[in-house]
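Worksheet for the structure shown next.
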Amino acid sequence: MLSFFRKKPSEELTTASSSKAYPIAGTDGTVPLGPTLQELGYQNANDLRETIYDFLRTIRDPEKPNTLEDLHVVYEEGIFVNEPTSGNVNVVRVEFNPTVPHCSLATLIGLCIRVKIERNINHNLKLDIYIKKGAHATEDEINKQINDKERIAAAMENPNLKQLVENCIKDED
């Protein structure tokens, strides 16, 4: 009855059907190194930053017919590729600037940014998304929401919210 809870061998865990395979610590507790940026096909950190910006610039504002780039909500200087983790997972910080300090859709915009990057970058990435410091009245609360895995998963289970995100991130033909 509970056979679906069986423990998977470690080789199954690293080759799961997920597009992102997470490294498993070895018997000595060390995490194997992931690929370098060059091995992933990027020339350098700036190349990864430009790639991410190209994905973000096409996201549509939830209320307006403009893109986040048109409204200066996302901008290339707001994407930072930081030092990789000890397991060589790239760390990217995305900063965005809502159009007004009391923007009621800032959380939705942050969610759209996260989903768009996660769907388009096909390798492990530690992603931190933040509102530009001082740009929103409740930035700390929103930053906490858009960087919390459980809240993100719960939000994407809501069919109405999921449809809003899909409409904002879909690529125009």
Side-chain angles (χ1 to χ4, degrees), residues 16-22 34-35 37 39-85 88-101 103-133 135-136 138-173:
S17 61
S18 169
S19 64
K20 295 183 180 186
Y22 295 93
L37 284 174
E39 291 169 338
L40 292 170
Y42 303 103
Q43 294 176 10
N44 52 37
N46 196 48
D47 192 20
L48 174 58
R49 183 171 70 101
E50 289 172 359
T51 300
I52 290 172
Y53 180 68
D54 284 341
F55 293 126
L56 298 184
R57 60 194 297 269
T58 63
I59 297 173
R60 297 227 159 267
D61 183 86
E63 293 179 313
K64 301 177 176 118
N66 307 75
T67 65
L68 297 185
E69 179 187 44
D70 295 338
L71 298 170
H72 306 288
V73 172
V74 295
Y75 40 93
E76 200 166 353
E77 300 79 28
I79 301 170
F80 307 92
V81 178
N82 299 323
E83 290 296 314
T85 65
N88 210 31
V89 174
N90 296 294
V91 179
V92 175
R93 177 186 171 109
V94 176
E95 174 183 282
F96 69 100
N97 187 14
T99 53
V100 292
C103 177
S104 62
L105 296 173
T107 306
L108 177 60
I109 291 169
L111 182 60
C112 290
I113 290 169
R114 177 170 297 282
V115 170
K116 184 80 173 196
I117 293 171
E118 288 178 350
R119 287 193 185 167
N120 288 284
I121 299 293
N122 296 319
H123 52 81
N124 287 342
L125 193 69
K126 180 177 178 337
L127 186 58
D128 298 319
I129 300 172
Y130 293 95
I131 292 177
K132 184 177 181 179
K133 194 78 178 146
H136 197 279
T138 60
E139 68 190 56
D140 291 335
E141 292 84 11
I142 293 171
N143 289 340
K144 186 175 179 178
Q145 288 179 336
I146 59 180
N147 288 292
D148 183 307
K149 288 182 182 181
E150 286 84 21
R151 291 182 188 192
I152 293 162
M156 291 307 290
E157 287 178 9
N158 178 317
N160 295 327
L161 193 53
K162 185 176 181 175
Q163 187 58 49
L164 273 172
V165 169
E166 296 296 338
N167 288 339
C168 291
I169 69 171
K170 72 179 175 187
D171 292 323
E172 295 298 319
D173 295 326

Flag side-chain contact, heavy atom, 4.5 Å: [X] against [Y]:
X    : Y    : value
P98  : I109 : no
V74  : I59  : no
Q163 : N167 : yes
F96  : L68  : no

If you take all heavy atoms of [X] and [Y], which pair is closest and at what distance?
X    : Y    : value
I169 : C112 : CG2-O, 3.6 Å
D47  : Y42  : OD2-CA, 3.3 Å
R60  : P65  : NH1-O, 2.6 Å
C103 : H136 : O-NE2, 2.8 Å
E63  : D61  : N-OD2, 2.8 Å

For N46, which residues count as a side chain to side chain donor-acceptor pair (under 3.5 Å) partner, sequence neighbours excluded? R49, E50
Taking K132 for its side chain and N97 for its backbone only, find out whether a donor-acceptor pair lies under 3.5 Å.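 Absent.
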Between D70 and T67, is there a donor-acceptor pair closer than 3.5 Å when you use the side chain of the first and the backbone of the second? yes
Could you grab the distance from atom [atom1] of [X] to atom [atom2] of [Y], nearest 0.5 Å is fine?
X    : Y    : atom1 : atom2 : result
I121 : I52  : CD1   : CD1   : 5.0 Å
N124 : T85  : CG    : OG1   : 9.0 Å
K144 : I146 : NZ    : CD1   : 13.5 Å
L105 : C168 : CG    : SG    : 8.5 Å
F55  : D171 : CZ    : CG    : 8.5 Å
L108 : I142 : CG    : CD1   : 11.0 Å

Give the intermediate values and the outcome of side chain to side chain donor-acceptor pair (under 3.5 Å) for residues Y53 and E69. CA-CA 9 Å; Y53 180 68; E69 179 187 44; 2.8 Å; yes
Could you list all the side chain to side chain donor-acceptor pair (under 3.5 Å) pairs where at least one residue sits in residues 72-84, not counting sequence neighbours?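 Listed by first then second residue: Y75-E95.
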List the steps, then state whether side chain to side chain contact (heavy atoms under 4.5 Å, CB included) holds for L111 with L164. CA-CA 10 Å; L111 182 60; L164 273 172; over 6 Å; no
Could you give the side-chain donor-acceptor pairs of residues 147-155 under 3.5 Å, partners two or more places apart or in another chain?
unit_1 : atom_1 : unit_2 : atom_2 : d
N147   : OD1    : R114   : NH2    : 2.8
N147   : OD1    : I129   : N      : 3.0
N147   : ND2    : I129   : O      : 2.5
N147   : ND2    : N143   : O      : 2.9
D148   : OD1    : E150   : N      : 2.9
D148   : OD1    : R151   : N      : 3.1

